[in-house]
Amino acid sequence: MAQEVKTRFAPSPTGYLHIGGARTALFSWLYARHTRGKFVLRIEDTDIRRSTKEASQQILDAMKWLGLAWDEGPFYQSERMEIYLSYINKLLDEGKAYWCECTPDILEGKRKKAIKEGRKPKYDGTCRDKGLGPGPGRVVRFATPKTGITFFDDIIKGRIATDNDELDDLIILRSDGIPTYNLTVVVDDATMGITHIIRGDDHVNNTPRQILIYDALGVTPPVFAHVPMILGSDKTRLSKRHGATSVMAYKDMGYLPEAMVNYLVRLSWSHGDQEIFSINELIDLFDLKDVGKSAAVFNPEKLLWLNHHYIKQGDIVRLSKLAIPFIKAQGYDATNMAYIQKVVTDIRERAKTLIDMIDFGDFYFKEIDINGIPKDIKDKFLHPDMIPAFKSLIDEFDAIDTSDRKQVEDAFRRVLKSCNIKLKAIAQPVRLALTGKLVSPGIFEIISTLGKNKVVSRLKNAITYMEENS
RNA sequence: GGUCCCAUCGUCUAGUGGUUUAGGACAUCGGCCUCUCACGCCGAAAACAGGGGUUCGACUCCCCUUGGGACUACCA
C-alpha cells in the first residue's frame with residue numbers, strides 16, 4: 001500500500017490570511033481530502049518581530065470560515081526551538097554547517113559592491129573554513145555544496161534544475177539564536193512526515209537549498225507542487241492596492257464561504273468547462289495534475305457572480321442566519337426569523353452579497369419617510385390620480401389574507417378592473433409608497449412579506465401625502 | 001544585473017499534432033420576458049505575443065525574441 005498522503009499549510013502569522021494563501025491552503029486541503037490523507041496546519045512564527053498572536057488567530061478563523069479543517073496542529077514553530085537546535089547541532093557536528101562572524105553591515109557592503117561590479121551578491125564564504133565556534137553576534141550558515149546540480153520533479157512545473165554554484169551559504173541560525181525559515185521548514189516537513197509540499201511558486205527558488213538541507217540531514221525530500229501566483233489586475237503581485245485581499249474582509253462584505261472556495265479553486269485549476277463545484281465534487285475531482293502552470297489574475301467580478309449564484313440557490317434558512325449580523329449592523333430588528341426568511345426569499349435574486357441584501361431590502365426593516373423622497377419622483381408617481389386606487393387597495397387588503405400572494409394578486413386585479421387602470425400605471429406608485437424607491441422586488445411579493453399592517457399604513461401615508469399635495 | 005518560472009478572448013480557462021469556422025464562464029453590448037430592477041432565455045463582439053524550425057499537417061513539439069512574474073534578507 002502506498003504511503004498515506006500528508007499535506008500542510010504553513011502560513012506566517014505576520015498578517016491576515018490573504019487570497020493567495022487561502023488558495024494554497026485550499027489546494028493542500030483538497031489534495032489531502034481527495035487522497036484520503038491528512039492535512040496539517042503549522043504556524044511559521046520564527047520571525048518574532050513580525051509575528052503576532054492576533055494574526056495567528058485571524059488565520060485560524062479564516063481557515064474555519066472557509067471550511068478547511070486540519071487534521072493535525074496547529075503547530076507553532078516557536079514551540080519547537082529545541083528540535084531545530086538539535087538538528088543545527090547535528091549539522092555543525094558533521095561539518096555541514098559552520099559559525100560565521102560576518103556582521104550585517106559588512107555583508108551589506110559586500111552585497112552592494114558585488115551588484116555594482118556586476119557580480120552575484122551571494123555570501124563569499126569568508127568564515128566557511130575558519131573553524132569558528134559559537135559567540136556573540138555569530139550566526140550558523142549551511143555549507144552549501146559548491147559544485148553539482150540540484151533538481152526536483154515538481155508535480156506542476158516539471159523538472160527544475162539548479163546549479164549549486166548559484167546557491168550561497170544561507171544562514172540557518174540567526175545571531176539571536178532563532179533558526180530561519182529554510183531550516184525550520186525542512187526540519188518540520190521532515191519530522192511531521194509531510195509527503196507533498198503544496199505552496200506558492202514564489203518558493204521555487206528556495207526549493208534547491210531546502211533539498212540540499214534534506215540531503216545533509218539524510219532525509220528523502222517530499223514531493224513538491226508549486227502553484228502559480230495570484231496577480232492583481234495589473235498583473236503584479238496581488239496587494240491591498242488591488243482591493244480587499246483579506247479572506248475575512250470578504251466575509252465582512254457579505255460573501256459566502258462556498259463562493260470564495262469555488263472562486264479560488266478555479267484559479268489555475270479547472271475541470272473541463274465546469275464552473276460551479278460543491279465541496280464534495282471538489283474533493284472528488286481535484287488533482288494536482290490538473291493545476292495549470294501560469295499565474296492567474298484575481299477577478300472580483302467573477303467572485304461576485306459566484307456569490308450571487310450561491311445566494312440565489314442557497315438554503316433559505318442558512319442564508320437567513322448568515323444575514324442576521326448584517327441586519328443588526330444596520331440597527332434593524334433581527335428577531336423574527338420567519339420574517340427574515342421571507343425577506344431573503346424576496347430579494348436574493350437581486351442581491352449579490354449579504355450587504356446588498358440588507359441595503360436593497362432596507363424597507364423591510366425600516367419605515368418609509370416620504371419626505372425623504374425627491375420631489376420630482378413624488379410628483380411623478382404619487383399623483384392625486386392614484387388616491388382612489390390606493391383607497392380600494394386598502395379596502396381589498398383589509399378583507400384578505402395578505403400573506404397569501406395569490407390573494408394579494410387577485411385583490412390587485414380587482415382594483416385594476418374597478419378603477420379601470422393598468423398594472424403598469426399603478427405599480428411604481430405602490431412600489432414607491434411601500435419601499436420609498438423605484439427599484440425593488442415584485443410588489444405582490446413585497447405586500448405578502450411586509451404584512452397587512454405595514455402595507456396599509458404605508459399606503460395611507462402615501463394617500464395623506466397625495467391629498468395634501470393635490 | 002543574475003537565477004528560475006510563465007505566455008489561448010479584457011479576465012478565469014478548455015484544448016495535449018489533424019474531430020476547431022479555437023469551446024465554456026465572468027465582464028461588456030444587443031434582444032426577449034416584464035409592475036421597476038433583477039433573475040432567466042436568446043444573440044453579438046472578443047484570443048492562440050512575434051519569428052524561426054520539426055512535421056504531410058501545428059494552439060498543441062523544439063529554439064530564439066519579446067512580454068510578464070518570482071527569487072536574489074540574520075522575512076516566510
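Chain letters run A, B, ... following the sequence lines, proteins first, then strands; residues in each count from 1.
In this view, Lys130(A) and Glu101(A) satisfy the salt bridge (Lys or Arg N to Asp or Glu O under 4.0 Å) rule, not counting sequence neighbours. Annotation: salt bridge (Lys or Arg N to Asp or Glu O under 4.0 Å) contacts of Lys302(A) (sequence neighbours excluded): Glu275(A).
Base pairing of rU3(B): its partner is rA70(B), meeting the Watson-Crick or G-U wobble criterion (both donor-acceptor distances under 3.5 Å). Using Watson-Crick or G-U wobble geometry with both donor-acceptor distances under 3.5 Å, rA76(B) finds no partner in any strand shown. For rG18(B), the paired base is rC56(B) (Watson-Crick or G-U wobble, both distances below 3.5 Å). Nucleotide rC41(B) is matched to rG31(B) when pairs are restricted to Watson-Crick or G-U wobble geometry with both distances under 3.5 angstrom.
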Derivation and outcome, ring-ring contact (aromatic ring centres under 6.0 Å, His included), residues Phe9(A) and Phe39(A): CA-CA 8 Å; Phe9(A) 178 54; Phe39(A) 176 60; 7.2 Å; no

In sequence, state the C-alpha distance, the side-chain angles, and the governing distance for Arg318(A) and Glu258(A), and then conclude on salt bridge (Lys or Arg N to Asp or Glu O under 4.0 Å). CA-CA 13 Å; Arg318(A) 171 170 172 266; Glu258(A) 58 268 41; 2.7 Å; yes

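Taking the C1' atoms as reference points, rC33(B) lies 45 Å from rG68(B), given to the whole Å. Rounded to whole Å, the C1' atom of rG53(B) lies 12 Å from the corresponding atom of rA58(B). Here the separation of rC35(B) from rG10(B), taken at their C1' atoms, is 36 Å to the nearest Å. To the nearest whole angstrom, the two C1' atoms, one in rC64(B) and one in rA22(B), are 26 Å apart. Across the C1' atoms, rA47(B) and rU28(B) are found 16 Å apart, a figure rounded to whole Å. The gap from the C1' atom of rU13(B) to that of rG50(B) amounts to 23 Å, rounded to the nearest Å. Rounded to a whole angstrom, the distance from the C1' atom of rA14(B) to that of rU60(B) is 13 Å. Taking atom C1' on both rC61(B) and rU55(B), the two are 10 Å apart, rounded to the nearest angstrom.
A salt bridge links Asp189(A) and Arg8(A); the closest N-O separation between the charged side-chain nitrogens and carboxylate oxygens is under 4.0 Å. A salt bridge is defined here as a Lys NZ or Arg NE, NH1 or NH2 lying under 4.0 Å from an Asp or Glu carboxylate O, and Arg42(A) with Glu44(A) meets this definition.
Between His18(A) and Phe298(A), the distance from one ring center to the other does not fall under 6.0 angstrom.
The separation between Glu349(A) atom CD and rU36(B) atom C1' is 15 Å, rounded to whole Å. Spacing between atom CG of Asp346(A) and atom P of rC35(B) amounts to 17 Å, rounded to whole angstrom units. Glu166(A) places its CD atom 15 Å from the P atom of rG1(B), with the value rounded to the nearest Å.
Phe152(A) does not carry Arg159(A) over the face of its six-membered ring by the limits of under 6.0 Å from the centre and within 45° of the normal. Under a cutoff of 6.0 Å and an axis angle of 45°, Lys157(A) and Phe224(A) do not form a cation-pi pair. Figure legend: Arg23(A) and Phe27(A) shown as a cation-pi pair, the cationic atom lying under 6.0 angstrom from the six-membered ring centre and within 45 degrees of its axis.
Pro441(A) comes within 4.0 angstrom of a base, heavy atoms only. Among the atoms of the strands shown, only primed sugar atoms or phosphate atoms (P, OP1, OP2) are found under 4.0 Å from some heavy atom of Lys312(A). Ser440(A) comes within 4.0 angstrom of a nucleotide base, judged by non-hydrogen atoms across all strands.
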Less than 3.5 Å apart, which donor and acceptor atoms pair up between the side chains of residues 419-427 of chain A and the rest of the protein, not counting sequence neighbours?
none

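Relative to the side chain of Glu445(A), the nucleotides rC6(B), rU36(B), rC35(B) differ in distance, and rC35(B) lies closest. Nearest to the side chain of Phe444(A), among rA7(B), rC39(B), rC35(B), sits rC35(B).
Distances shown here put a side-chain N or O of Ser270(A) below 4.0 Å from the OP1 or OP2 atom of rA14(B).
No hydrogens or angles were tested; on distance alone, nothing pairs the side chain of Arg350(A) with the base of rC39(B) as donor and acceptor under 3.5 Å.
The aromatic rings of Phe277(A) and His271(A) stand perpendicular to each other, their planes meeting at an angle above 60°, with 30° marking the opposite boundary.
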Base contacts versus sugar-phosphate-only contacts with protein, heavy atoms under 4.0 Å: please encode nucleotides 19-27 of chain B as B, S and - from 5' to 3'. ----BBBSS

Going 5' to 3' along nucleotides 60-76 of chain B, which nucleotides have protein heavy atoms under 4.0 Å from the base (write B), which only from the sugar-phosphate (write S), and which from neither (write -)? --------SSBS-SBBB

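Contacts with RNA chain B (heavy atom under 4.0 Å) in residues 416-425 of chain A: Leu423(A), Lys424(A), listed by number.
Atom NZ of Lys406(A) has 12 or fewer neighbouring heavy atoms from other residues, nucleotides or ligands inside a 6.0 Å radius.
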